[in-house]
Amino acid sequence: MKKELDKNFNPSEAEDRIYKNWLNKGYFNVKIDKAKKPYTIVMPPPNITGQLHMGHALNSTIQDILIRTKRMQGYNALLLPGTDHASISTEVKVVEKLAKEGIKKEDIGREEFLKHVWDWKETYGNKIVEQFKKMGISCDWSRQRFTLDSGLNKAVEEVFIKLYKKGYIYKGKKLVNWCPQCKTTISDAEVNYIDNEGYFWYFKYPINGTDEFLTFATTRPETILGDTSIAVNPNDIRYKKFIGMTVTVPIVNRVIPIIADDYVEMDFGTGVVKITPAHDPNDFEVGERHNLPIINVMNDDGSINDVCEAYKGLDRYEAREKIVEEFKNLGLFVKKEEIKNSVGTHERCNCVIEPLIKEQWFVKMDEMVKPAIEEFKNNNLRFIPDRFGKIYMNWLENMHDWCISRQLWWGHRIPAYYCDDCHEIIVSSEKPIKCSKCGGTNIKQDEDTLDTWFSSALWPFSTLGWPENTEDLNYFYPTDVLVTAYDIIFFWVVRMVFSALEQTNQLPFKDVLIHGLVRDSEGRKMSKSLGNGINPLDVIEKYGTDALRLTLIGGNSPGNDQRFYWEKVEVNRNFLNKVWNATRFILMNLEEASPKYSKEDLTPADKWILSKLNSLIMEVTNLIDNYELGIAIQKIYDFIWEYYCDWYIEMVKPRLYNKNDPTRNIALWTLKEVLINSLKLLHPYAPFITEEIFNSIQDEEDTIVLSNWPKYNKEFVFEKEEKDIEIIKTAVKNIRYLRAEMNVVPSRKVKTILVTQEENISNIFKDSESFFKTLAYSSELIIKDNNDQIDNDYVSVVISGGAIYMPFLELVDIEKELLRLNKEKEKLESEVNRVNKKLSNEGFVSKAPQKLIEAEKEKQIKYEKTLEEVLEQIKRLSK
RNA sequence: GGUCGCUUAGCUCAGUUGGGAGAGCGCCUGCCUUACAAGCAGGAUGUCAUAGGUUCAAGUCCUAUAGUGACCACCA
């Protein structure tokens with residue numbers, strides 16, 4: 001035996017070595033085992049363009065804690081990893097890279113371009129995976145998936161075809177969000193509305209056949225080129241007489257009708273609205289109601305098209321200014337007003353999106369969301385914390401049809417084919433040889449790809465082999481919990497739920513555990529532009545992964561944001577150092593690996609710590625089951641530091657230092673037993689250091705990863721000893737307090753006299769004599785049963801059921817001591833008062849639980865006794 | 001406009017079903033005591049935002065108000 005640990009744990013050396021060993025041994029790899037219950041988490045796939053940030057670190061740590069706990073509890077625990085192809089992000093990145101080399105994607109063509117992207121993915125796409133490994137995440141890497149791998153492609157095609165046949169996917173010409181920068185459609189969820197300081201321009205149109213005008217306001221004058229009507233509220237007496245007449249749009253000289261529609265609010269602006277169905281969602285609807293023509297004025301890059309020769313090719317913002325000028329020249333400009341509004345921008349490139357009419361593919365949502373709503377209402381899907389269920393419902397209940405086609409090359413290509421001859425649409429996983437309608441052979445595949453989220457939505461089951469009816473799918477699916485941040489509920493969670501219900505008839509997971517964001521120390525979001533981001537890898541390098549993980553989980557509850565502080569990491573590193581050193585201490589004293597256990601030998605102190613550990617095990621297990629990871633780690637932290645290190649180890653030292661002490665062996669056994677179990681509870685949070693320590697105190701090579709989770713054990717419930725030791729602790733604390741107040745240096749030993757008439761107390765003290773010598777620096781402990789035997793030159797401290805005396809020392813100031821005792825007296829009096837008041841309250845006595853009343857009564861006696869003692873002391877010193 | 005958070009010690013935050021207010025950091029005092037100064041011992045600090053209500057009992061439940069933040073919708 002006799003192993004030794006270095007003075008400090010060295011994370012940078014140990015972590016990689018340990019993780020490598022775990023991988024070599026295949027501890028995280030999971031095979032179907034019908035004898036074991038599965039526990040499955042499918043990890044949210046990070047983008048291949050991504051770098052590990054604090055959000056990932058937090059997200060993966062939570063999942064790893066759950067998985068490691070379940071693994072130790074005997075579940076077949078699978079944490080399934082993978083990455084997302086991130087269509088737009090990746091495509092933009094590669095386009096930029098090629099641009100630097102002077103290559104345009106249009107020039108090299110689709111196939112060649114995709115080769116470049118795959119190359120890029122091979123080089124950079126796995127970076128983030130390696131970073132997850134640094135976090136110590138216990139994934140089954142042999143199952144790693146990619147949203148664009150062939151299996152997932154199969155799943156995507158299957159879903160597309162099924163939904164098309166069912167009529168849930170359709171092609172339609174509708175107003176969509178268009179990004180002129182990325183030149184692709186985007187979904188509603190990808191549009192960010194940001195506050196903007198803009199203008200309201202007021203113009204007027206001459207009403208034909210009169211000499212009157214209609215004045216209206218717009219924030220986007222360039223869309224005037226596409227006006228096909230002007231609208232007023234049907235009940236607006238100001239304008240009623242004009243309904244049915246026409247105005248002429250200058251510049252394009254288009255005659256358009258004045259129509260009435262409820263959509264127009266009378267008291268907003270001038271109560272007159274220009275209608276541009278091709279460039280505004282509301283106008284589009286008005287247009288449909290009134291059968292208005294749709295005139296598109298813009299090219300895909302946001303420039304003006306040939307709707308008007310004079311403006312052709314101008315950028316939308318240049319056109320805006322020119323139109324304002326033109327209206328001024330024509331005398332039809334009224335005024336310009338500063339206003340605050342919001343503009344929709346593309347979340348990826350921040351470019352202002354343009355609503356445009358496009359023929360695109362859509363998923364019909366109204367029917368598909370119904371089961372997702374139903375399951376939630378039936379409490380089959382649980383959000384933690386539950387308030388996030390509202391966000392989920394809000395999205396489902398207000399979902400518009402989902403535009404899924406993207407004008408990008410990197411992604412799942414839409415499995416739709418067009419016959420050049422008869423324009424038939426054929427949806428199929430294989431390219432048809434000839435048209436099913438006309439037999440023509442000029443067949444082309446749709447050029448577009450699918451929204452990234454279309455494949456992410458299938459992630460919980462596609463990764464397990466769906467659409468094949470695989471054994472994995474039957475065994476591991478549905479998964480147990482999804483862990484994600486709140487900002488992605490509407491993007492992803494809702495889509496996974498309705499997709500899973502539609503395709504597999506099952507919820508993809510039972511619980512959705514939501515966490516918050518990691519902000520900087522001033523509470524700001526970490527962002528590239530602010531440059532305030534903290535790289536988790538830097539933290540790991542400085543303090544180690546375990547310290548980072550503890551920092552992210554501790555002092556925080558589900559769903560809430562947290563701030564990152566370096567100080568917090570340091571505190572956690574210090575805690576781990578504490579655990580490390582406690583182990584060193586035990587190893588110093590441990591001659592043989594396995595001290596023998598016999599229950600009869602256990603001393604009260606041993607029983608106390610074992611009993612405390614026992615409660616801790618139960619608490620922590622329940623807390624983790626309820627996803628209260630922050631509270632659980634706090635309990636572990638306090639137990640190890642306060643109960644185990646500060647008290648138990650200190651209490652046990654005299655027994656260890658005396659090799660002839662008959663209780664020495666059981667002390668070592670208890671030390672080791674409690675340490676190992678604490679380590680196990682700590683392991684999911686701090687996997688590396690716990691593994692290192694676990695191995696150092698075992699003779700045989702073993703791993704904590706596959707060790708058994710500690711179990712609550714009725715054998716180790718010791719209520720009496722818990723109470724007794726608490727009495728000792730209180731006494732020791734009081735003595736320490738008194739010594740500090742009296743400025744007695746620790747090295748100076750002082751006689752301690754206990755006076756008590758309670759046999760129980762004196763017995764406890766007798767049993768614990770050594771604690772007073774070591775913990776309270778007593779030279780000797782004398783137990784008496786009568787105050788009269790105490791001389792006047794003693795200071796005292798009162799405990800429940802007795803008083804402890806120490807000889808006066810030269811520096812003691814009687815006045816000061818009396819002051820202290822009087823303070824004590826006041827405190828006790830107010831306590832006695834409180835308890836008496838409570839117990840004389842009829843309502844309390846009749847309605848409060850019996851247990852509580854008993855406890856209060858006990859306190860009443862205790863306080864009264866103690867107060868009596870204090871009064872006695874005051875009397876003694878006042879003589 | 002709608003929904004939802006948050007407000008607890010100087011700072012950052014816990015406080016899981018209502019039952020005498022907690023941690024870490026910081027601050028003050030004393031200690032290099034043979035595991036640990038990344039440490040040990042002791043100490044000070046709170047009208048739990050405000051006002052009502054429910055209850056024997058409220059930081060915890062309900063209502064309103066204020067401050068603050070997030071999300072959603074609208075913005076001709």
Side-chain angles (χ1 to χ4, degrees), chain A residues 5 7-8 193 196 198 200 216-220 223 230-231 263-265 268-276 280 282-283 286 339-343 385 387-388 390-391 394-395 398 486-487 489-490 516-517 521 523 525 543 554-557 559-565 567-568 570-589 619 622-623 626-628 630-632 634 637-638 645-646 649-650 653 657 733 736-741 743-747 774-777 831 834-835 838 841-849 851-853 855-856 859:
Chain A
L5 290 178
K7 187 152 188 224
N8 294 113
Y193 287 91
N196 176 50
F200 241 169
F216 61 92
T218 177
T219 53
R220 296 188 298 156
T223 60
I230 192 144
Y263 156 67
V264 182
E265 283 175 41
F268 190 90
T270 62
V272 180
V273 184
K274 68 185 214 56
I275 301 297
T276 323
D280 183 279
N282 291 312
D283 291 9
V286 174
I339 54 150
K340 277 181 186 166
N341 63 348
S342 61
V343 293
R387 65 183 135 98
F388 288 103
K390 277 198 176 175
I391 296 183
N394 186 268
W395 269 86
N398 295 294
Y486 58 71
D487 58 353
I489 293 173
F490 52 90
L517 311 178
S521 61
K525 234 176 178 173
Y543 292 99
N556 170 251
S557 49
N560 287 351
D561 289 354
Q562 61 179 300
R563 300 185 187 198
F564 180 88
Y565 285 95
E567 293 91 322
K568 210 174 150 189
E570 204 175 306
V571 166
N572 284 304
R573 187 272 318 262
N574 293 354
F575 166 66
L576 295 169
N577 185 242
K578 187 79 183 176
V579 183
W580 183 260
N581 275 299
T583 311
R584 280 179 63 218
F585 172 75
I586 291 164
L587 286 175
M588 280 170 59
N589 291 284
E619 278 182 307
N622 290 337
L623 285 166
N626 291 320
Y627 303 111
E628 291 284 1
I631 302 176
Q634 189 63 49
Y637 183 104
D638 289 343
C645 292
D646 288 350
I649 290 184
E650 294 306 322
K653 273 178 179 172
Y657 294 157
K733 275 186 172 176
R736 284 172 176 172
Y737 165 67
L738 197 58
R739 292 178 59 112
E741 285 289 295
N743 295 317
V744 185
V745 291
S747 53
T774 50
L775 306 180
Y777 308 100
E831 290 294 348
R834 191 191 60 76
V835 179
K838 212 166 186 177
N841 180 342
E842 238 176 81
F844 178 76
V845 181
S846 61
K847 289 187 179 171
K851 239 176 143 181
L852 206 75
I853 297 170
E856 288 297 325
K859 281 181 203 166

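Lettering of chains follows the sequences in order, A, B, ..., and the numbering in each one begins at 1.
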Under a 3.5 Å cut-off for both contacts, is [N] paired Watson-Crick or G-U wobble with anything, and if yes, with which nucleotide?
{"N": "U7(B)", "answer": "A66(B)"}
{"N": "C48(B)", "answer": "none"}
{"N": "G1(B)", "answer": "C72(B)"}
{"N": "U34(B)", "answer": "none"}
{"N": "A14(B)", "answer": "none"}
{"N": "A41(B)", "answer": "U29(B)"}
{"N": "G19(B)", "answer": "C56(B)"}

Could you give the [atom1]-to-[atom2] distance, from [X] to [N], as a whole number of Å?
{"X": "Glu570(A)", "N": "C36(B)", "atom1": "CD", "atom2": "P", "value": "19 Å"}
{"X": "Tyr637(A)", "N": "A14(B)", "atom1": "OH", "atom2": "P", "value": "17 Å"}
{"X": "Asn572(A)", "N": "A14(B)", "atom1": "CG", "atom2": "C1'", "value": "14 Å"}
{"X": "Phe585(A)", "N": "U33(B)", "atom1": "CZ", "atom2": "P", "value": "15 Å"}
{"X": "Ile489(A)", "N": "G5(B)", "atom1": "CD1", "atom2": "P", "value": "13 Å"}
{"X": "Lys847(A)", "N": "U55(B)", "atom1": "NZ", "atom2": "P", "value": "8 Å"}
{"X": "Asn398(A)", "N": "C72(B)", "atom1": "CG", "atom2": "P", "value": "12 Å"}
{"X": "Asp561(A)", "N": "A14(B)", "atom1": "CG", "atom2": "C1'", "value": "16 Å"}

Are the side chains of Phe844(A) and Leu852(A) in touch, meaning some heavy atoms are under 4.5 Å apart?
->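 When only atoms from C-beta onward are counted, Leu852(A) and Phe844(A) do touch, with a gap below 4.5 Å.
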Nearest to the side chain of [X], which nucleotide is it out of [options]?
{"X": "Phe844(A)", "options": "G19(B), G5(B), A35(B)", "result": "G19(B)"}
{"X": "Lys390(A)", "options": "C4(B), C56(B), A35(B)", "result": "C4(B)"}
{"X": "Asn841(A)", "options": "G5(B), C56(B), C71(B)", "result": "C56(B)"}
{"X": "Trp395(A)", "options": "C72(B), U16(B), A35(B)", "result": "C72(B)"}
{"X": "Arg584(A)", "options": "C36(B), G15(B), G5(B)", "result": "C36(B)"}
{"X": "Met588(A)", "options": "C4(B), G42(B), A35(B)", "result": "A35(B)"}
{"X": "Phe490(A)", "options": "A35(B), A73(B), C71(B)", "result": "C71(B)"}
{"X": "Lys733(A)", "options": "C25(B), G42(B), U16(B)", "result": "G42(B)"}
{"X": "Lys7(A)", "options": "A35(B), G42(B), A37(B)", "result": "A37(B)"}
{"X": "Asn394(A)", "options": "G42(B), C72(B), A35(B)", "result": "C72(B)"}

Would you say Lys733(A) has more than 12 foreign heavy atoms packed within less than 6.0 Å of its NZ?
-> no
Between [X] and [N], does any side-chain N or O lie under 4.0 Å from OP1 or OP2?
{"X": "Asn560(A)", "N": "A14(B)", "value": "yes"}
{"X": "Asn574(A)", "N": "G39(B)", "value": "yes"}
{"X": "Arg563(A)", "N": "C13(B)", "value": "yes"}
{"X": "Lys838(A)", "N": "G19(B)", "value": "no"}
{"X": "Lys568(A)", "N": "A14(B)", "value": "no"}
{"X": "Tyr657(A)", "N": "A35(B)", "value": "yes"}
{"X": "Ser557(A)", "N": "A14(B)", "value": "yes"}

Using the C1' atom on both, measure G46(B) against C13(B) and round to a whole Å.
->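 Per the computed distance, 15 Å lies between those C1' atoms.
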Taking atom P in both U12(B) and G69(B), compute the distance separating them and give it to the nearest angstrom.
->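 Comparing P positions in U12(B) and G69(B) gives a spacing of 14 Å.
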Heavy atoms only, 4.0 Å cut-off, all strands: where does [X] land among base, sugar-phosphate and nothing?
{"X": "Asp646(A)", "result": "sugar-phosphate"}
{"X": "Lys653(A)", "result": "base"}
{"X": "Gly269(A)", "result": "nothing"}
{"X": "Val264(A)", "result": "base"}
{"X": "Glu650(A)", "result": "base"}
{"X": "Gln634(A)", "result": "sugar-phosphate"}
{"X": "Glu856(A)", "result": "nothing"}
{"X": "Thr270(A)", "result": "nothing"}
{"X": "Leu623(A)", "result": "base"}
{"X": "Asn577(A)", "result": "base"}

Check if the side chain of Lys578(A) and the base of C36(B) share a donor-acceptor pair of N or O atoms closer than 3.5 Å.
->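 Side chain to base: pair found, below 3.5 Å.
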Less than 3.5 Å between a donor and an acceptor, one on the side chain of Arg736(A) and one on the base of A41(B), is that the case here?
-> no
Kindly compute the distance separating CZ (Arg834(A)) from CD (Glu856(A)), expressed to the nearest 0.5 Å.
-> 5.0 Å
Between Tyr637(A) and Lys578(A), is there a cation-pi geometry (under 6.0 Å to ring centre, at most 45° from the normal)?
->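 Negative - Lys578(A) is either too far from the ring of Tyr637(A) or too far off its axis.
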Do the ring planes of Phe388(A) and Tyr486(A) sit parallel (below 30°), tilted (30 to 60°) or perpendicular (above 60°)?
-> parallel
Trp395(A) and Phe490(A) aromatic ring geometry - parallel, tilted or perpendicular at 30°/60° bounds |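 Answer is parallel, since the angle falls under 30°.
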Between Glu741(A) and Ile339(A), which has a closest nucleotide on RNA chain B that is more 5'?
->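 By nearest-heavy-atom nucleotide position, the 5'-most residue is Glu741(A).
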Ranking Tyr565(A) and Phe575(A) by the position along RNA chain B of their nearest nucleotide, the one closer to 5' is Tyr565(A)
Check Trp580(A) against Asn8(A) and note the closest heavy-atom contact, atom names and distance.
-> NE1-C, 3.4 Å
